[in-house]
Peer 1: 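Got a structure for you, questions after.
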Amino acid sequence: MSTSQAPLIPAPGDTRRRPLVVMRSVSKMFSSGTLALSDMSLTVEGGEFVSLLGPSGCGKSTALRIIAGLGDVSTGTIDWPSSRINSKGLPEGDISFVFQEPTLMPWQTVFGNVYLPLKLRGVSKSAAREEIMNTLATVGLADFADAYPRELSGGMKMRVSIARALVTKPKLLLMDEPFAALDEITRQKLNDDVLRLWRETGITVIFVTHSVFESAYLSNRIVVMKARPGRVHADFPLKTSMSRDAHYRTSEDYRQACEKVSNMLIDAIGGEEH
Amino acid sequence: MSDHASAFVPPKTGFFARNRDTLLRTLIPICVVIFLVLLWQFIITVNSIPQYILPGPLAVANSLYNDWGTLSPALWVTTQITMQALALALIGGVGIAIFLVQSKWIETAFYPITVILQVTPIVAIAPLILIYAPTTQVALLICAFLVAFFPILSNMVQGLKSVDHNLLNLYDLYGASRWQTLLYLKLPSSLPYFMTGLRIGGGLALIAAVVAEFAAGSAGAGSGLAFRLLESQYRLNIPRLFAALVLLSLLGVVIFAITSFISWFFLHRWHESSLKREN
Ligand SMILES: Nc1ncnc2c1ncn2[C@@H]1O[C@H](COP(=O)(O)OP(=O)(O)OP(=O)(O)O)[C@@H](O)[C@H]1O
Ligand SMILES: [Mg+2]
């Protein structure tokens, strides 16, 4: 129902196709001595939907957190060519993060949780109200503004989390295995919601997942990482002329995409030294 | 949908039916207490036990009525000391907890001191406090404060340190200031811990106020319930001793009820501990 709009996958000449974030030879060594990332380079362009896959512990979360500025790089740089950056070198207000858990404040209502990013910027509640209600409507939760998180299902909590990420109208949405804890049907629904939001808003998404099927369904670019130390193993586009909906799930394009991603993943895991 | 609706039996509507659980939960303990009091009076009357050994409930009630003039100021003094000590302990406990969690080093440096204060038996330092404090009232207040303060502090420290890491990350991501993170995230998320500290601290403040007054009693001054209790003992006025005891337990019950209510009031909408299971 949510995928009836025409797909707006950016054409090559689109102005959105400009580098948004550029990681150059980033390494990350934790104080424990773990080298989580080594010499990782990745450029993500505006409007892309990039899925990040790789074996467990290969540094996907670390990469995402570093892009978000949650933790410093050990060596290397991260640039934001098309954003205004603040004193910490971060594009202020341009990034949002969705964690694997909904990460809601249980003492706040749905409204209060979505209000948080705006509240921290000093926007008054009355000034933010319309924006919040609109965002809640886009994730289908307009009727639940006054509910507390404990009254919601897992899928609904995740929607609140997505609404909170979108309310600041960020350029880049980072999602770290956001739907891993949900059942398959809810997951597919939320996948469709995310795709619709991506099309409607032109937002850029970096999406970490363990699911080959999810990545093949959602993304127009796949980055497979290799473990110990974490780095990019394969990086390729997924092209299709079809719109991504229930129809696409049964198509030959989708089957081929799944196979390709799967092979790359097996390759990345198999190439590991034990 | 309508099939289900017709099969659904609406709950009974009378006042008693609706509040059956609550009524039973209130009535049963009250009945048990009344029964025990009656039994007590019965044993006293049947065995004709003299008042100076064990007074019956009637004698205690009588003393409560006749000695109200001496007992009520004492009750008021003990209540005041307990409440003031609890209030100070809340301010001090929360304040110092916030200070302690500012950095690992501050905690390492100061936490042991608070533990030493806690593990030293209060009766042992009471005489010392009595010497240094300007008045006995102040000494009692300090004793009760020291005892009530620690559970509030340690619960608060625990609460402030148990904040969801991803929420902290989220606040960082949105560039929240230290002050915003404290106010909007750390304090609300440690509210359940604070409430536990409050309930424990409230009970301990009363106990400490009484124990400290026992210790102070030997030093002469004082007019709280504990002093009246000792005084009644010296004079072998056992009914009045029991009357003072009854007032102390009532005060304890009231403190417990108030702190429990406060806890319920602030947590019931969102916290698991205050939820009724519905499955
Ligand atoms: N805070 C930390 N301190 C020390 N080591 C860490 C820390 N966080 C992650 N690591 C290590 O860095 C490596 C990469 O971890 P990361 O969480 O990024 O992996 P991941 O690809 O997200 O794994 P998963 O798919 O299981 O989520 C792991 O070996 C992990 O043990
Ligand atoms: Mg991870």
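Just so it is clear, the model here is predicted, and its values are computed rather than measured. The figures here come from the full heavy-atom set of this structure, side chains too, leaving out hydrogens, waters and symmetry mates. Chain letters run A, B, ... following the sequence lines, proteins first and then strands; every chain starts at 1.
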Peer 1: Does a side-chain heavy-atom distance below 4.5 Å link B:L170 with A:L116?
Peer 2: yes
Peer 1: So which of B:T181, B:D164, B:L185 has the biggest tally of heavy-atom pairs under 4.5 Å with chain A?
Peer 2: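 Ranked by heavy-atom pairs under 4.5 Å with chain A, first place is B:L185.
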Peer 1: Relative to chain B, which segment of A:R164 carries a heavy atom at a distance below 4.5 Å: side chain, backbone, both, or neither?
Peer 2: both
Peer 1: Strictly distance-based, threshold 3.5 Å: is any side-chain N or O of B:R269 a donor or acceptor partner for the main-chain N or O of A:Y148?
Peer 2: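 Checking the backbone N and O of A:Y148 against the side chain of B:R269, no donor-acceptor pair under 3.5 Å is found.
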Peer 1: Using non-hydrogen atoms only, which part of A:T109 is less than 4.5 Å away from chain B: side chain, backbone, both, or neither?
Peer 2: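 A:T109 has no heavy atom closer than 4.5 Å to chain B.
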Peer 1: If I measure from the heavy atoms of chain B, does A:Q108 come under 4.5 Å with its side chain, its backbone, both, or neither?
Peer 2: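 Interface part for A:Q108: neither.
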Peer 1: Can you name the side-chain hydrogen bond (donor to acceptor under 3.5 Å, both in side chains) partners of B:D172, sequence neighbours left out?
Peer 2: none
Peer 1: Does any heavy atom of chain A fall under 4.5 Å from the side chain of B:Y184, the backbone, both, or neither of them?
Peer 2: both
Peer 1: Nearest 0.5 Å, please: how far is NZ in A:K119 from CD in B:Q180?
Peer 2: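 With rounding to 0.5 Å, CD (B:Q180) is 9.0 Å from NZ (A:K119).
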Peer 1: What's the shortest heavy-atom distance between B:H268 and A:R150, and which atoms?
Peer 2: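 B:H268 and A:R150 have their closest heavy atoms at O-NH2, 3.6 Å.
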Peer 1: Any side-chain heavy atom of B:L191 sitting closer than 4.5 Å to one from A:W107?
Peer 2: no
Peer 1: Which residues satisfy the side chain to side chain contact (heavy atoms under 4.5 Å, CB included) test with B:V77, sequence neighbours excluded?
Peer 2: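 Partners of B:V77 under the side chain to side chain contact (heavy atoms under 4.5 Å, CB included) test: B:I81, B:Q137, B:S223.
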Peer 1: Are side-chain heavy atoms of B:N166 and A:Q100 found at a separation under 4.5 Å?
Peer 2: no
Peer 1: Evaluate the side-chain contact (heavy atoms from CB on, under 4.5 Å) criterion for residues B:N169 and A:F97: first the C-alpha distance (whole Å), next the side-chain angles of each, then the deciding distance (0.1 Å), finally the verdict.
Peer 2: CA-CA 9 Å; B:N169 279 337; A:F97 211 117; over 6 Å; no
Peer 1: Report which part of A:F99 has an atom under 4.5 Å of a heavy atom belonging to chain B: side chain, backbone, both, or neither.
Peer 2: side chain
Peer 1: Below 4.5 Å, heavy atoms only, C-beta onward: do A:R121 and B:Y174 meet side chain to side chain?
Peer 2: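 Heavy-atom side-chain distance check fails, nothing below 4.5 Å.
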Peer 1: Locate the shortest heavy-atom distance separating A:M105 from B:L167; write the atom from each residue and the value.
Peer 2: CG-CD2, 3.9 Å
